[in-house]
Protein chains: 2
Amino acid sequence: MGFLARHRQIILYGLALAVIIFLVRWLEIRYILADDSVDIYIGVIALLFTGLGVWLAIKLRKPKVETVIVEKEILLTPPVVFVLNENEVKRLNLSRRELEVLHWMAAGLSNQEIADKLFVSLNTVKTHTAQLFEKMEVKRRTQAVDLGKKLGLIP
Amino acid sequence: MGFLARHRQIILYGLALAVIIFLVRWLEIRYILADDSVDIYIGVIALLFTGLGVWLAIKLRKPKVETVIVEKEILLTPPVVFVLNENEVKRLNLSRRELEVLHWMAAGLSNQEIADKLFVSLNTVKTHTAQLFEKMEVKRRTQAVDLGKKLGLIP
DNA sequence: TGCAAAATCACCCGAAAGTATGACCGCTGA
DNA sequence: TCAGCGGTCATACTTTCGGGTGATTTTGCA
């Protein structure tokens, strides 16, 4: 960008000033301003050039943008806190007991151990696992655990 | 905020205008300006008020606040990149085949399915799992998978 | 209050998983 | 060269898992 282009505003301003002075002189000669109207005359000039100044300022310092950068932290995988995916639980229609069984299953417990932990019989645990597998559409406990983790049913 | 406070700039501007006019009149009386110096006089006024205009514009114009929300994603456990915990593999003295079996085990495959996938017999897979369980000091495949995940042996 | 869902338990049976043991082969490092 | 290890496979056996079916009790909700 050349000097002319870069300072176009200022050059225009200077030209405007010259034109205004010329006009004023011309008006002065034409109508022979009365002494009393000098302050009105000054006022008009002042207003005019104030407007010019404002225009200049706005034009010249164009991008007065205060950019406020707000960093929004998005945690993709919570570190310790595990949040149960309620939607999946509802979608699969899993009962509380079934989810509990799945949890201990994922921890590596056998059906008998889960039965002992939940104070129920082995048969009951078997019923729960069977229902769980049917609802999750899997065949084995390892598949259930794998899918359960992927769906956010277990940590 | 009251009217006065809100329009302080404009009121100041008005006052400045009045002061300038008063000064000019005073100077006029004092020194009796020559007709010839009228354009210089106008020039000075113009410059003064242009400056005032610029100052006004700068002061008045609120810096346009542009709020840019930068979403900063914080990955705690990278979902795609899995790095095998070599140290644990060495510590437990796990062979390549055993690790491979563990991997498919975690995916929910049965021993027969793993055998088919690795093009070996079911008995071979059983041998590998047995060795794996002994080295990992676990009793069941679900335990092996759980521990494997915790030790970073599998994704 | 009454009903559907959940939870509980039982029995049978076959499939899968896990245990124990032994054997063979190929590679590698002392 | 040969002992050791990893990988392979096999047989035999026990345990656990999972499917199928049926039944009773408890509970949450309309």
Side-chain angles (χ1 to χ4, degrees), chain A residues 84-151 153-154, chain B residues 84-151 153-154:
Chain A
L84 180 71
N85 189 338
E86 308 269 7
N87 289 341
E88 283 299 326
V89 177
K90 276 183 189 166
R91 192 179 67 80
L92 297 174
N93 193 29
L94 299 182
S95 76
R96 180 185 314 278
R97 220 42 167 172
E98 285 154 8
L99 212 58
E100 214 167 343
V101 168
L102 177 61
H103 175 260
W104 291 117
M105 215 178 254
L109 271 63
S110 69
N111 284 343
Q112 185 58 64
E113 286 168 339
I114 296 171
D116 294 344
K117 189 138 292 198
L118 299 183
F119 301 106
V120 294
S121 81
L122 172 61
N123 290 311
T124 304
V125 174
K126 282 183 159 199
T127 308
H128 287 317
T129 59
Q131 296 250 303
L132 186 67
F133 294 163
E134 196 178 341
K135 288 178 180 177
M136 293 182 80
E137 294 175 345
V138 295
K139 287 272 161 194
R140 281 176 288 281
R141 63 212 285 104
T142 44
Q143 285 181 346
V145 169
D146 187 47
L147 184 59
K149 291 207 183 238
K150 282 171 182 163
L151 296 182
L153 303 175
I154 37 178
Chain B
L84 181 70
N85 191 336
E86 309 269 7
N87 290 340
E88 283 299 325
V89 176
K90 277 181 187 164
R91 191 179 69 80
L92 297 174
N93 195 28
L94 300 181
S95 75
R96 181 184 315 275
R97 219 46 167 171
E98 285 154 7
L99 212 57
E100 213 166 346
V101 168
L102 176 62
H103 175 260
W104 292 117
M105 214 178 255
L109 271 63
S110 69
N111 284 342
Q112 186 58 64
E113 286 168 338
I114 296 171
D116 294 344
K117 189 140 291 200
L118 300 182
F119 301 106
V120 294
S121 81
L122 172 62
N123 291 309
T124 304
V125 175
K126 282 186 166 195
T127 308
H128 287 317
T129 60
Q131 294 248 302
L132 185 67
F133 295 164
E134 196 178 340
K135 288 179 180 177
M136 292 182 82
E137 294 175 345
V138 295
K139 287 272 159 196
R140 279 175 290 283
R141 62 210 289 104
T142 44
Q143 284 182 347
V145 169
D146 186 47
L147 184 60
K149 289 204 185 240
K150 281 171 183 164
L151 297 181
L153 303 174
I154 35 178

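Keep in mind that what you see is a predicted model, and the values were worked out from it rather than measured. Both backbone and side-chain heavy atoms feed into the values below; hydrogens, waters and symmetry mates do not. Here is how names work: the chains are called A, B, and so on, in the same order as the sequence lines, proteins then strands, and each is numbered from 1.
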Novice: Please tell me which of the listed nucleotides, D/dG7, C/dA6, C/dT8, lies nearest to the side chain of A/N93?
Specialist: C/dA6
Novice: Write down the distance between CD (A/E98) and C1' (C/dA6), rounded to a whole number of angstrom.
Specialist: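 Going from A/E98 (CD) to C/dA6 (C1'), I get 8 Å.
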Novice: So, OP1 or OP2 of C/dA7: does either fall under 4.0 Å of a side-chain N or O from A/H128?
Specialist: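 Indeed not, no polar side-chain atom of A/H128 lies that close.
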Novice: Could you go through the side-chain contact (heavy atoms from CB on, under 4.5 Å) check for A/R141 and A/N111 one step at a time?
Specialist: CA-CA 10 Å; A/R141 63 212 285 104; A/N111 284 343; 3.2 Å; yes
Novice: If I take atom CH2 in residue A/W104 and atom C1' in nucleotide D/dC17, what distance separates them, rounded to the nearest angstrom?
Specialist: 20 Å
Novice: Please report, rounded to the nearest Å, how far the P atom of D/dC9 is from the CZ atom of B/F119.
Specialist: 12 Å
Novice: Verify the distance criterion only: is there a donor paired with an acceptor across the side chains of A/T124 and A/S121 at less than 3.5 Å?
Specialist: yes
Novice: Verify, without hydrogens or angle tests, whether B/K135 (side chain) and B/N93 (backbone) share a donor-acceptor contact under 3.5 angstrom.
Specialist: yes
Novice: Nearest-Å distance, CD (A/Q131) to C1' (C/dA6)?
Specialist: 9 Å
Novice: Considering non-hydrogen atoms only, spot the tightest contact between B/L147 and B/M136 and give its length.
Specialist: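 So the minimum-distance heavy-atom pair works out to CD2-O, 3.6 Å.
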Novice: Roughly, in whole Å, what's the span from CG in A/L118 to C1' in C/dA6?
Specialist: 15 Å
Novice: Spell out, as yes or no, whether a donor-acceptor pair under 3.5 Å connects the side chain of A/Q143 to the backbone of A/K139.
Specialist: yes
Novice: Provide, to the nearest angstrom, the distance between the CZ atom belonging to A/R97 and the C1' atom belonging to C/dT8.
Specialist: 9 Å
Novice: So if I define the base as every atom that isn't primed, P, OP1 or OP2, how would nucleotides 10-23 of chain C read as a B/S/- string at a heavy-atom cutoff under 4.0 Å?
Specialist: BB-----BBS----
Novice: Give the rounded distance in Å between these two atoms: NZ of A/K135 and P of D/dG18.
Specialist: 17 Å
Novice: Give the C-alpha distance, both sets of side-chain angles, the deciding distance and a yes or no for side-chain contact (heavy atoms from CB on, under 4.5 Å) between B/I114 and B/V120.
Specialist: CA-CA 8 Å; B/I114 296 171; B/V120 294; over 6 Å; no
Novice: Are the charged groups of B/R140 and A/E113 less than 4.0 angstrom apart, N to O?
Specialist: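 Salt bridge between B/R140 and A/E113, a charged N being under 4.0 Å from a carboxylate O: yes.
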Novice: Could you tell me whether the side chain of B/D146 and the main chain of A/G108 form a donor-acceptor pair under 3.5 Å?
Specialist: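 Here the side-chain-to-backbone pair does not exist.
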Novice: Measure the distance from CD on A/E134 to P on D/dG20 and round it to the nearest whole Å.
Specialist: 8 Å
Novice: Produce the list of close N/O pairs, under 3.5 Å, pairing protein atoms with atoms of nucleotides 26-30 of chain D; give distances to one decimal.
Specialist:
none

Novice: Does A/D116 form a side-chain contact (heavy atoms from CB on, under 4.5 Å) with A/L109? I'd like the steps, not just the answer.
Specialist: CA-CA 10 Å; A/D116 294 344; A/L109 271 63; over 6 Å; no
